[in-house]
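Here the structure comes first, spelled out in structure tokens, and everything after it is commentary.
Here is the naming used below: chain letters follow the sequence lines, and residue numbers restart at 1 for every chain. The basis for the numbers below is simple: all heavy atoms, side chains too, and nothing from hydrogens, waters or symmetry mates.
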2 protein chains.
Amino acid sequence: MLVTIKDIARIAGVSHMTVSRALNGNNAVTDETRDKVLKIARELNYRPNLQARSLVMNRKYSIGIVFSTLLSATAPSFMQACLNGVYQTLAKDYNLIVKDLESGLEHFNFSRVDGVIFVSQQESDDSFIDFALSQGANLVVINRQVERESLINVTADEVAGAASAVKFLIERNCQRIALINGPAKIQSSIDRRQGYQQALLDKNIAIVSDLIKDGKFSIQGGYDAMKVILQESKDRQIPDAVFCSNDEMAFGAFKAINEAGLNIPNEIAVVGFNDSDICQFTTPALSTVKKPIEEMARLGAEALFALINQEAIANPLQQLGTELVIRASVR
Amino acid sequence: MLVTIKDIARIAGVSHMTVSRALNGNNAVTDETRDKVLKIARELNYRPNLQARSLVMNRKYSIGIVFSTLLSATAPSFMQACLNGVYQTLAKDYNLIVKDLESGLEHFNFSRVDGVIFVSQQESDDSFIDFALSQGANLVVINRQVERESLINVTADEVAGAASAVKFLIERNCQRIALINGPAKIQSSIDRRQGYQQALLDKNIAIVSDLIKDGKFSIQGGYDAMKVILQESKDRQIPDAVFCSNDEMAFGAFKAINEAGLNIPNEIAVVGFNDSDICQFTTPALSTVKKPIEEMARLGAEALFALINQEAIANPLQQLGTELVIRASVR
DNA sequence: TTGAAAGCGCTAACAA
DNA sequence: TTGTTAGCGCTTTCAA
């Protein structure tokens, strides 16, 4: 068994309460006593049992980060950015617990965490959000816009981001612009499609449903979708541009375009979304809409800690901007 | 405050002990009582306070996964594979806590977890390993081979993997083979370099230190290293192959080679390591050494749970095989 | 089959 | 400034 405050108390010849006070920096203890206690604690390599403290203080010293899924539709770069953003804000004593919703939300025990930062990706996540709120859990939802009374929600302006990309393509004289989108139920897919359609409407270009495909947010999916698009346009005109809902799918599309012997950007321009690491190193370099994922996670986590500590939340609804990054994949 | 067994006891008109027994499936309780208790528990949406149970049982219902670093030198795809592998083996009640060593190991409180799975990447991790062992923690080290009395260690045979790749290149008539390696202190870098050198020696090819560069395990680093290699060989012969210590660096090298106007694989053959998602979609497709990362993590986690539950460990030292995957980036 | 008492390691409240 | 007592929610032990 590990060292407890009682062990230290016995050796120091004081009560366990004096030890507790000394360790917690309570100043109702003489310097001499404190020094003695701290010295013994150090020698015995004492670590507080946070489970026990937790029971008394009703604090868990843990927060949870919950993903819709750890496996599919969560690109590694996206997940790492989220984890990093949250991890950086973590106070010294705090643990970060990773969960996904596929293991079943009935297993989620809110009594083990002080709060949850939920990286929400789809509308069906609502049941978890409502469950969390009904449990009175401290909750911050990031990535997907959610309408709930006084819920803290940090998102990016994906509609505008997608629209800016498509608008740019049109201004560069693209007329037949395909969309390789993520799975239909994912909110980012819905938003980016909306931005795509908005831009086309604004410029009086018809929306051609044959040019919209599901690329599953994966490299393979982007490749498959692009192949189908090219196949289907064999007898007709091929698209002169393709907007992909994330960079991975754009990367897959590159492969299909290369295999078809077509030139990027002269025959087909390509734009992605997120600005992940790969963009600068594809050939040609991939134009994209930069989404501040790590910052989104950081701001969400900061708000969560404010919530936990019952501090005022400056701005419960934050929508971060996106930014069009032009590289050689457009002409 | 949340529902406790005492609340249920009061409503059911029994003692809290009977509730505890009913909830834990102890059969020293009549079916009638049990049903009544379970029904009330369900209605009140009772969740056990694992902090409290923890205190009594001296079980934490959490394991930790510790990375050397969450930020640098940990490729997103590698990290996600590790997390997935461990997450899949997690028992229903268990939480997974993510940590890195950069936050300082003095902060690591082993009393909060039942065990730790350590994704070790470098020799300087040894201090953490020794610290963990000195604390009597349940520890499993994966990814890096570590010599410690009765320590559970799951690794991949990286030396052989690298050697097989380089040997293959030589058999395809490559003579000047560059190595773009990870940071020198990372064990995988050391192992893969050793495999590289071994293969060259076996085939009586001299090792040219100018052809060995640090690519930092990142796309950018691979690009930079390849550029330097090409720059330096301007007046001499350029290498006819480059072996990269991970796929990301190979991807960066592709870019530099493309920019130099050289053909892959005819002028320079390229091989990577890990077999991550991108390999099939680069142009040309990237040959690589497949490393079973997720399986490594899964086996490690299974062993950790066996250790926690004091079951026999079939095989404390497991070295998984690697496999050379040939694609179009070699001729 | 059920209940009462004790205690896991810690802190809050009160007393000395 | 220090100590005593009680109790957080749970399980183990022993008694009924």
Side-chain angles (χ1 to χ4, degrees), chain A residues 1-38 40-41 44-62 93-95 109-114 135-136, chain B residues 1-38 40-41 44-62 93-95 109-114 135-136:
Chain A
M1 191 49 94
L2 291 166
V3 183
T4 73
I5 53 171
K6 284 188 184 167
D7 298 321
I8 299 176
R10 203 173 343 97
I11 295 170
V14 296
S15 79
H16 72 282
M17 266 320 296
T18 301
V19 175
S20 171
R21 280 189 271 254
L23 291 171
N24 289 305
N26 185 317
N27 46 16
V29 59
T30 58
D31 288 353
E32 190 192 2
T33 313
R34 182 196 327 282
D35 291 347
K36 185 165 61 179
V37 167
L38 292 180
I40 296 170
L44 298 184
N45 196 16
Y46 167 79
R47 304 280 140 159
N49 182 326
L50 290 198
Q51 260 73 25
R53 182 186 288 169
S54 196
L55 204 55
V56 182
M57 308 279 274
N58 204 24
R59 272 249 181 177
K60 306 310 146 78
Y61 302 99
S62 293
D93 276 342
Y94 267 77
N95 277 343
N109 191 331
F110 287 100
S111 70
R112 299 188 70 181
V113 292
D114 291 322
Q135 298 278 304
Chain B
M1 192 49 96
L2 291 166
V3 184
T4 73
I5 52 171
K6 284 188 185 168
D7 298 320
I8 299 176
R10 202 173 345 97
I11 295 169
V14 297
S15 79
H16 72 281
M17 264 320 297
T18 301
V19 175
S20 171
R21 280 190 271 256
L23 291 171
N24 288 308
N26 185 318
N27 46 14
V29 59
T30 58
D31 288 353
E32 190 192 2
T33 314
R34 183 198 325 282
D35 291 348
K36 186 165 62 177
V37 166
L38 292 181
I40 296 170
L44 298 184
N45 196 17
Y46 167 79
R47 304 279 140 162
N49 182 326
L50 290 197
Q51 260 74 25
R53 182 185 288 169
S54 200
L55 203 56
V56 182
M57 309 278 275
N58 204 26
R59 271 247 181 178
K60 307 309 147 77
Y61 303 99
S62 293
D93 277 343
Y94 267 76
N95 278 343
N109 190 331
F110 286 99
S111 70
R112 298 186 71 181
V113 292
D114 291 323
Q135 298 278 304

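- For the residue pair B:Thr33 and B:Arg21, no side-chain donor N or O sits within less than 3.5 Å of a side-chain acceptor on the partner.
- Nucleotide D:dC10 holds its C1' atom 15 Å from the CG atom of A:Asn58, rounded to whole Å.
- Protein atom CG of B:Asp7 is 13 Å distant from nucleotide atom C1' of D:dC8, rounded to whole Å.
- Evaluation of the side chain to side chain contact (heavy atoms under 4.5 Å, CB included) rule for A:Asp35 yields no partner, not counting sequence neighbours.
- Overall, the helix from C:dT1-D:dA16 to C:dA16-D:dT1 carries an axis bend of 40° between its ends, with five pairs at each end and the value rounded to 10°.
- Spacing between atom OH of B:Tyr61 and atom C1' of D:dC10 amounts to 10 Å, rounded to whole angstrom units.
- B:Gln51 places its CD atom 23 Å from the P atom of C:dG7, with the value rounded to the nearest Å.
- With the nearest nucleotide of DNA chain C identified for both B:Thr33 and A:Leu55, B:Thr33 has the one nearer the 5' end.
- In this structure, the CZ atom of B:Arg34 is 11 Å from the C1' atom of C:dT1, given to the nearest Å.
- Rounded to whole Å, atom C1' of C:dG9 lies 10 Å from atom NZ of B:Lys60.
- Regarding contacts with the backbone of D:dT4, every side-chain N or O of A:Ser15 stays at 4.0 angstrom or more from both OP1 and OP2.
- Residues meeting the side chain to side chain contact (heavy atoms under 4.5 Å, CB included) test with A:Ser20, sequence neighbours left out: A:Ile5, A:Met17, A:Asn24.
- Checking each of A:Thr18, A:Leu38, A:Val29 against A:Leu23 for a side chain to side chain contact (heavy atoms under 4.5 Å, CB included) leaves exactly one that passes, namely A:Leu38.
- A donor atom on one side chain and an acceptor atom on the other are not found under 3.5 Å apart for A:Asn49 and A:Arg47.
- The ring pair (Phe, Tyr, Trp, His ring centres under 6.0 Å) check on B:Tyr94 picks up B:Tyr61, B:Phe305, with sequence neighbours excluded.
- Atom pair B:Asp93:CG and D:dT11:C1' shows a separation of 15 Å (rounding to whole Å applied).
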- Working for side-chain contact (heavy atoms from CB on, under 4.5 Å), residues B:Thr30 and B:Arg34: CA-CA 6 Å; B:Thr30 58; B:Arg34 183 198 325 282; over 6 Å; no

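- A:Asp7 meets the salt bridge (Lys or Arg N to Asp or Glu O under 4.0 Å) test with A:Arg10; sequence neighbours excluded.
- A:Ser54 comes within 4.0 angstrom of no nucleic acid atom, judged by non-hydrogen atoms across all strands.
- OP1 or OP2 of C:dT2 sits under 4.0 Å from a side-chain N or O of B:Thr30.
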- Item | B/S/- contact track for nucleotides 10-16 of chain C, protein heavy atom under 4.0 Å | BBB----

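- In terms of heavy atoms, A:Ala12 sits closest to A:Lys36 at O-NZ, 3.4 Å.
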